[in-house]
Amino acid sequence: MDQSSLSSLVVELFTTIQLLAGYPVPQSSPEIHVVPHAVIEEKICRSQCRRIKAFYHPDWGVYVDESLDLAGDNFDRSILLHELVHHVQHTKGAFELLSSDCERRNAEEMEAYKVQNRYLASIGDLRRVPAGAWIGPCRN
């Protein structure tokens, strides 16, 4: 997907997030990096993270595995939408009042998965992501 098409898709997905979750479209978009999976491993997990196809970092933007078909596959597009939800959560300080980083991260993930699944349902795609797939227990 060329940069112009990717930029248009990001605008479309932010509008979708606004409709599905009520977040306003942010004034600025994060940088979107479409990269080999090895770069994702290097940035966030060093190895053994084959299932992770994208991530958001407030300082780096969104990293997306180049194997995703953002132009032609609804589920792959939903992965980018999920990461863009994290961007709007961050820019709006959505969960910053929660008492721990763990609780904040879990709440962010639960909401992002719910929005991702609402998106898939809204476009008639039957695939879903288990909302609790990446949620971990918090130790107080």
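The shown structure was predicted, so the numbers you read here are calculated from the model rather than taken from an experiment.
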Does a side chain donor of either Thr16 or Glu12 reach within less than 3.5 Å of an acceptor in the other side chain?
no
Is there a donor-acceptor contact under 3.5 Å linking the side chains of His86 and Glu109?
yes
Would Ser67 and Lys53 satisfy side chain to side chain contact (heavy atoms under 4.5 Å, CB included), going step by step from the backbone distance to the final call?
CA-CA 8 Å; Ser67 70; Lys53 297 295 184 186; 4.1 Å; yes
His82 and its ring pair (Phe, Tyr, Trp, His ring centres under 6.0 Å) partner, picked from Tyr119, Tyr113, Tyr56:
Tyr113
If every non-hydrogen atom of [X] is compared with every non-hydrogen atom of [Y], which pair is closest and at what distance?
X	Y	value
Cys102	Pro137	SG-O, 3.7 Å
Val62	Pro30	CG2-CG, 4.0 Å
Cys138	Asn106	SG-ND2, 3.4 Å
Glu108	Gln89	O-NE2, 3.1 Å
Leu120	Asn74	CD2-O, 4.0 Å

From [X] atom [atom1] to [Y] atom [atom2], the distance as rounded to the nearest 0.5 Å:
X	Y	atom1	atom2	value
Leu20	Gln116	CG	CD	11.5 Å
Leu70	Asp65	CG	CG	9.5 Å
Glu41	Tyr63	CD	OH	15.0 Å
Ile52	His37	CD1	NE2	7.0 Å
Phe75	Leu126	CZ	CG	12.5 Å
His87	Tyr23	NE2	OH	12.0 Å

Any side-chain heavy-atom pair from Ile32 and Leu80 closer than 4.5 angstrom?
yes
Is the shortest heavy-atom distance from the side chain of His33 to the side chain of Val64 under 4.5 Å?
no
Between Asp76 and Asp69, is there a donor-acceptor pair closer than 3.5 Å when you use the side chain of the first and the backbone of the second?
yes
Do side-chain atoms of Asn117 reach the backbone of Val129 as a donor and acceptor pair under 3.5 angstrom?
yes
Given side chain to side chain contact (heavy atoms under 4.5 Å, CB included), test Glu103 with Arg105 step by step and report yes or no.
CA-CA 6 Å; Glu103 290 173 334; Arg105 182 74 177 143; over 6 Å; no
Indicate if Val88 and Leu19 have the same hydrophobic cluster label, given that clusters are the connected sets of ILVMFWY residues with side-chain heavy-atom separations under 4.5 angstrom.
no
Path from Val11 to Met1 over hydrophobic side-chain contacts below 4.5 Å:
no
Look at the aromatic rings of Trp60 and His57 and report parallel, tilted or perpendicular, splitting at 30° and 60°.
parallel
Step by step, work out the side chain to side chain contact (heavy atoms under 4.5 Å, CB included) result for Arg77 and Leu9.
CA-CA 9 Å; Arg77 238 182 339 273; Leu9 176 59; 3.3 Å; yes
Carboxylate-amine/guanidinium contact Asp73 Arg127, below 4.0 Å
yes
